Amino acid sequence: MLITPPYHCGVVESAGRWPNLGFIYIGGELEKHGYEVELYDAMSKFHTHEQIREHIRESKPHVVGVTAITATVNDAVKVLETAKSELPEVTTVIGGVHPTFMYEELLNNAPDTVDYCIIGEGELTLPDLLNTLNKGKDPVTVQGIAYLRSGTPFRTPPRPLIEDLDSLSPAWHLANWSDYPLYFMDHSHVAILSSSRGCIHECSFCSQHKFWQGSYRHRDPEKFVGEIEHLNSVYGINVFFIADEYPTRDRARWIRILDLLIGKSMDIHILLETCVTDILRDKDIIQKYREAGVLFIYLGVESTNNRRLEEFKKETKFEDSKTALKIVRDAGMIVESSLILGMPDETPETVKETLKLAKEYNADYMHFLLIAPWPYADMYPDLKDYIEEWDYSRYNLVEPILKPEKMTRDELMKEVLNCYKNYYMGKMPEWASMKGNDLKKSCLIRGMKAIMENSFLKDHMKGLGGMPKGVLKMMEKLSDN
Ligand code: B12
């Protein structure tokens, strides 16, 4: 049983619910080896730990695997504790970016709960581990795991990255598709799928370059688009979220994907994340993105300040990002972006300056995030001394973890909430008067409604006196139309 832990911090999830792609892949490989697999998405089902207990008690799995990023690791471990207490013989496994780097801490802190940490990719490692254990052999031969050996965390040699991503067989049939709608689009069913793995950029606050060991592997365009066609025709999936850090890296391959999608003329929408530099590069073919079904692009511009961009090791400057965001917006797509605030030298003035320049960026949706110091990120040594919050479940980019030198964390949070309030008050009249793109208009307005109803902002805004009544009324009126 592969369980997505029931963690919620109300940002991305306020827009919809999403399958766990890693588990779809791992499930497929386990089935190839003859294992019976259940995917239990406790997160998307909004199950409590008590409901998870009941489900484990009823299903009686032999092995329970959980996935964990830093924010979700506490809930992931709690799920394994439940499994051990219900089924003392169960084998427990944890994988994902957090265990990959923090296996020592995990094994030391939860020696009776976590049997095995999976380091890196799980598709080949989990079947290998289970086959080895089933044969009664010593797991020391299994590459890419860590476990307690004579009470001490022990890591086996790394497993080489999977060479051919198209050799994997994602088990789409294991997903319960009715769990995955987008809240801002009627009759939507969402899949997350992958056309590549890895990122070549080394942003100092991020984990992904390290997680994929600086590698970049991509799938064959025909097979990738074939998968979209399969999901559309067999399961009625009409919204595809590309999970890649960097799907557009190779222009020729990306154009091939877009052309294939255009050729298939499916009634689908594509959401993706990419880099400012690629949008600048693809200015001449940006309409092709739209024709292929791309509705939404996330560009993590991360700052409005060139000095900060250098510190983050972003390879872009303010003006580049501004141009890229405009290119996407002008092409009729929704462009979402984020800025990272709360660094040690942040002050109320620098936050206000960021807000002012964020309006120049003018993304349709802008997130004012707070730096989360992943303990394995390059930037961690510079941030460590400013940490006031050690509970990983708050490392979700929306709660203040660091105390800047000249602000308290409460003051920082207040400034950030003011950014949201101020930014979106300006957006609403713009959306109200938007003409000629009904799909974009309706998604923006309904998406904002979902954010206001479901996201972390809802409760916080109350403390700030809420959104002005006029804005709420406008929102209601717009979403009724
Ligand atoms: C899709 C996605 C989501 C989905 C998750 C859907 C789901 N049901 O899991 C949604 C939109 C809900 C989401 C939300 C959030 N996300 Co997110 N998300 C991603 C994204 C874009 C892709 C993840 C993915 O599918 N990767 C592809 C698969 C194949 O890789 P994988 O998940 O790592 O799994 C492989 C291995 O890790 C391993 N593995 C993983 N788990 C397990 C378990 C077992 C048992 C085994 C054997 C192996 C194993 O095997 C898998 C196959 O090889 C990544 C960025 C990226 N491009 O990777 C961010 C990312 C994972 N998210 C991130 C964050 C911070 C969040 C939020 C906190 C943001 C927010 N404030 O809303 C929330 C947390 C909400 C939550 N409840 O989890 C960060 C995590 C950073 C960190 N180091 O902790 C990332 C890396 C983005 C970033 N660049 O910072 N996210």
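A quick note: this is a predicted structure, and the numbers were derived from the prediction, not measured. First listed ligand is number 1; within each ligand, the first listed atom is number 1. Nothing fancy with the numbering, it's 1 onward along the sequence.
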> Does an N or O anywhere in Trp212 fall below 3.5 Å from an N or O of ligand 1?
Replying inline: no
> Have Asn305 and Ser303 got a donor and an acceptor in their side chains that come within less than 3.5 Å?
Replying inline: no
> Does Asp278 have any salt bridge (charged side-chain N to carboxylate O under 4.0 Å, His left out) partners at least two apart in sequence or in another chain, and if so, which?
Replying inline: Arg281
> Does the protein place any heavy atom closer than 4.0 Å to atom 45 (C) of ligand 1?
Replying inline: yes
>> Determine whether a donor-acceptor pair (N or O, by modelled atom type, separation under 3.5 Å) exists between the side chain of Ser188 and the backbone of Phe184.
In response: no
> Judged by non-hydrogen atoms, does Cys206 sit under 4.0 Å from ligand 1?
Replying inline: yes
>> Run the side-chain hydrogen bond (donor to acceptor under 3.5 Å, both in side chains) test on Ser169 and Lys32 for me, step by step, so that the C-alpha distance in whole Å, both residues' side-chain angles and the decisive distance to 0.1 Å come before the verdict.
In response: CA-CA 9 Å; Ser169 317; Lys32 275 188 199 163; 3.0 Å; yes
> Between the main-chain N or O of Leu412 and the side-chain N or O of Glu415, is there a donor-acceptor pair closer than 3.5 Å?
Replying inline: no
> Of the choices Leu369, Ile118, Val66, which has the non-hydrogen atom that lies closest to atom 43 (C) of ligand 1?
Replying inline: Val66
> In a check of side-chain hydrogen bond (donor to acceptor under 3.5 Å, both in side chains) between Glu245 and each of Arg197, Gln208, His201, which one passes?
Replying inline: Gln208
> Is Arg57 paired with Glu86 through a side-chain N to carboxylate O contact shorter than 4.0 Å?
Replying inline: yes
> For Glu38 and Ser59, does a side-chain donor sit closer than 3.5 Å to a side-chain acceptor?
Replying inline: yes
>> Can you tell whether the side chains of Arg308 and Glu311 come within less than 4.0 Å, N to carboxylate O?
In response: yes
>> Please classify the Ile192 to ligand 1 contact at 4.0 Å (heavy-atom distances, strictly less than): side chain, backbone, both or neither.
In response: side chain
> Do Thr91 and Asp115 have a side chain donor and acceptor closer than 3.5 Å?
Replying inline: no
>> Any heavy atom of Arg197 closer to ligand 1 than 4.0 angstrom?
In response: yes
>> With side-chain hydrogen bond (donor to acceptor under 3.5 Å, both in side chains) as the criterion, how do Ser196 and Arg253 come out once you've worked through the C-alpha distance, each side chain's angles and the decisive distance to 0.1 Å?
In response: CA-CA 11 Å; Ser196 69; Arg253 184 191 85 110; 4.5 Å; no
> Taking NZ, NE, NH1 and NH2 as the nitrogens, is one of them in Asp244 or Arg219 under 4.0 Å from a carboxylate oxygen of the other?
Replying inline: no
> Parallel, tilted or perpendicular for Trp374 and Tyr395, by the 30°/60° rule?
Replying inline: tilted
> Does atom 77 (N) of ligand 1 have any protein heavy atom closer than 4.0 Å?
Replying inline: yes
> Under 4.0 angstrom from atom 25 (O) of ligand 1, is there any protein heavy atom?
Replying inline: yes
> What do you reckon, does Phe211 put a non-hydrogen atom under 4.0 Å from ligand 1?
Replying inline: yes
> Should the pair Arg256-Glu222 be classified as a salt bridge under the 4.0 Å nitrogen-to-oxygen rule?
Replying inline: yes
> Is atom 49 (C) of ligand 1 less than 4.0 angstrom from some protein heavy atom?
Replying inline: yes
>> Heavy-atom distances under 4.0 Å decide this one: backbone, side chain, both or neither, for Gln208 against ligand 1?
In response: side chain
> Does the protein put a heavy atom less than 4.0 Å from atom 38 (C) of ligand 1?
Replying inline: yes
> Can Thr100 be said to touch ligand 1, with heavy atoms closer than 4.0 Å?
Replying inline: no
>> Starting from atom 8 (N) of ligand 1, what is the nearest protein heavy atom, named by residue and atom, and what distance separates them?
In response: Trp18 O, 3.0 Å
>> Nearest non-hydrogen contact with atom 52 (C) of ligand 1 belongs to which option: His209, Glu123, Glu245?
In response: Glu123
> Counting only non-hydrogen atoms of the protein, does one fall under 4.0 Å from atom 12 (C) of ligand 1?
Replying inline: yes
> Nearest to atom 54 (C) of ligand 1, what protein heavy atom do you find, and at what distance?
Replying inline: Ala243 O, 5.0 Å
> Considering all protein heavy atoms, does one lie under 4.0 Å from atom 56 (C) of ligand 1?
Replying inline: yes
>> Is there a polar contact between ligand 1 and Thr67, counting only N or O atoms under 3.5 Å apart?
In response: yes
> Under 3.5 Å, side chain of Tyr183 to main-chain N/O of Ile451, donor-acceptor pair present?
Replying inline: no
> Going by heavy atoms, is Pro5 under 4.0 Å from ligand 1?
Replying inline: no
> Tell me, which protein residue and heavy-atom name are nearest atom 15 (C) of ligand 1, and how many Å apart are they?
Replying inline: Val12 CG2, 4.3 Å
> Heavy atom under 4.0 Å from ligand 1: found in Tyr116's side chain, backbone, both, or neither?
Replying inline: neither
>> Give me the nearest non-hydrogen protein atom to atom 27 (C) of ligand 1 as residue plus atom name, then the distance to 0.1 Å.
In response: Leu21 CD2, 4.2 Å
>> Below 3.5 Å, N or O to N or O, backbone or side chain included: is there any such pair between Gly22 and ligand 1?
In response: no
>> How far is atom 65 (C) of ligand 1 from the closest protein heavy atom, and which atom is that?
In response: Leu397 CD1, 3.9 Å
>> Restricting to side chain to side chain donor-acceptor pair (under 3.5 Å), what partner residues turn up for His47, sequence neighbours left out?
In response: Tyr40
>> Starting from atom 36 (C) of ligand 1, what is the nearest protein heavy atom, named by residue and atom, and what distance separates them?
In response: Gly120 O, 3.6 Å
> Can you check whether Ser207 has an N/O within less than 3.5 Å of an N/O in ligand 1?
Replying inline: yes
> Does ligand 1 have a heavy atom under 4.0 Å from the side chain of Trp374, from its backbone, from both, or from neither?
Replying inline: side chain
>> Within the 3.5 Å criterion, strictly below it, is a donor on Thr156 or Tyr147 matched to an acceptor on the partner's side chain?
In response: no
>> Could you identify the single nearest non-hydrogen protein atom to atom 6 (C) of ligand 1 and state the distance to 0.1 Å?
In response: Pro19 O, 3.5 Å
>> For a side-chain hydrogen bond (donor to acceptor under 3.5 Å, both in side chains) check, start with the C-alpha distance between Asp75 and Tyr392, then their side-chain angles and the critical distance, and finish with the verdict.
In response: CA-CA 10 Å; Asp75 278 293; Tyr392 284 143; over 6 Å; no
>> For atom 67 (C) of ligand 1, tell me which residue out of Leu30, Leu272, Ile69 has the closest non-hydrogen atom.
In response: Ile69
>> Give me the residue, atom name and distance of the protein heavy atom closest to atom 5 (C) of ligand 1.
In response: Met43 CE, 4.4 Å
>> Any nitrogen or oxygen of Thr70, side chain or backbone, less than 3.5 Å from one on ligand 1?
In response: yes
>> Under 4.0 Å from atom 31 (P) of ligand 1, is there at least one protein heavy atom?
In response: no
> So, is Tyr7 polar-close to ligand 1, with some N/O to N/O distance under 3.5 Å?
Replying inline: yes
> Taking both backbone and side-chain atoms of Asn396, is any N or O found less than 3.5 Å from an N or O belonging to ligand 1?
Replying inline: yes
> Under 3.5 Å, is there a donor-acceptor pair linking the side chains of Asp41 and Asn20?
Replying inline: no
> Does ligand 1 have a heavy atom under 4.0 Å from the side chain of Asn20, from its backbone, from both, or from neither?
Replying inline: both
> Which of the numbered atoms in ligand 1 are below 4.0 angstrom from a heavy atom of Tyr376?
Replying inline: 82 (C), 83 (N), 84 (O)
> Do any N or O atoms from the side chain of Lys314 and from the backbone of Glu302 form a donor-acceptor pair under 3.5 angstrom?
Replying inline: no
